Amino acid sequence: MNEKGILIVVSGFSGSGKGTIMKELLARYPDTYALSISATTRSPREGEVDGREYFFVSKDEFEKMIAKGELIEYAKYVENYYGTPRDYVEKKLDEGRDVILEIEIQGALNVKKMFPDTLLLFVTPPNAEELKKRLVGRGTETMDVIESRMNRACEEAVGMENYDYLIINDNLDRCVEEMHSIIQGEHRRSSRNCEFMKEIKEDLERMKH
Ligand code: 5GP
């Protein structure tokens, strides 16, 4: 059976818990999934390590990567560039790993346009009230910041319907297993198994009396 990996884009509201879900999915299935590391021009936040969360590069370096075609897609988001390096993604897909890009919607739609086989997943909390509760619950943000995050969620909700599946995050464990099932189910889609269908048809023809 054709076992090239699937390209998956995961987007979602900030505060939806998508980062935690990704981390847990990779911890549970380290041989199945590979998470792409993006390049960005924004500065590292505390605790972030170059080459782990992102490849932190200058604007100049980023523009060179664009010019050389080294990025599958890129987007400008709040004054900074973010982009997906091509080499790693292609290498892992060829090795049969499912590669996950955790990117915003503009990038997601660009990837889908270029690679129509991409699976688009959108992570959302069960309702708006819950999103607010989580932002308040972090206890680290002022009311102003929470309000601006809630406003941003309105913008992030535009285009949700372009995604293939919604992942409703009400329980981490269930959510991780659901995401895994959706992706593994996707491997069985007939259009992803043309080679298998061709072979079995040929074999059946040969065995016909
Ligand atoms: P942050 O600065 O909070 O790490 O990320 C800001 C936004 O950029 C998030 O929505 C994140 O998913 C998105 N992002 C991260 N890497 C990429 C990328 O390579 N391409 C695109 N288009 N968006 C990205």
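This structure is a prediction, so every number in the text was calculated from the model and none was measured. Computation of the quantities below employed the complete heavy-atom set of this structure, encompassing side-chain atoms and omitting hydrogens, waters and symmetry-equivalent molecules. Every number for a ligand or one of its atoms is a count from 1 in the order of the listing.
Looking only at atom types and distance, the side chain of D98 has a donor-acceptor partner in the side chain of H187 under 3.5 Å away. With no hydrogens or angles considered, a side-chain donor-acceptor pair links S58 and E61 at under 3.5 Å. Residues T84 and Y74 bring no donor and acceptor atom of their side chains to less than 3.5 Å of each other. N80 and T41 form a side-chain donor-acceptor contact under 3.5 Å, judged by distance and modelled atom types alone.
In this structure, the side chains of L135 and M150 come closer than 4.5 Å at one or more pairs of heavy atoms. Counting heavy atoms from C-beta on, the side chains of E102 and M22 come closer than 4.5 Å.
Those atoms of ligand 1 that come under 4.0 Å of a heavy atom in A75, given as number and element, are 22 (N). Which parts of ligand 1 touch R42 is read off a 4.0 Å heavy-atom cut-off, strictly below it: atoms 1 (P), 2 (O), 4 (O). Heavy-atom proximity to R45, at under 4.0 Å, picks out these atoms of ligand 1: 1 (P), 2 (O), 3 (O), 4 (O).
Annotation: atom 16 (N) of ligand 1 to nearest protein heavy atom, S38 OG, 3.0 Å. Nearest to atom 20 (N) of ligand 1 among the protein's heavy atoms is E73 OE2, 2.7 Å. Given atom 13 (C) of ligand 1, the protein heavy atom at minimum distance is E104 N, 3.8 Å.
Contacts with ligand 1 closer than 4.0 Å are made by heavy atoms of both the backbone and the side chain of Y82. No part of E53 comes within 4.0 Å of ligand 1, judged by heavy-atom distances. Only backbone heavy atoms of E102 (N, CA, C or O) come within less than 4.0 Å of ligand 1; its side chain stays farther off.
Here the shortest heavy-atom distance to atom 1 (P) of ligand 1, taken over Y81, Y54, F13, belongs to Y54.
When distances from atom 9 (C) of ligand 1 to the protein are checked, no heavy atom turns up under 4.0 Å.
The environment of E202 atom CD is dense: over 12 non-hydrogen atoms of other residues, nucleotides or ligands sit within 6.0 angstrom.
A pairwise comparison of heavy atoms in Y163 and I105 identifies OH-CA, 3.4 Å as the closest pair.
Between A39 and ligand 1, a contact under 3.5 Å exists for no N or O pair.
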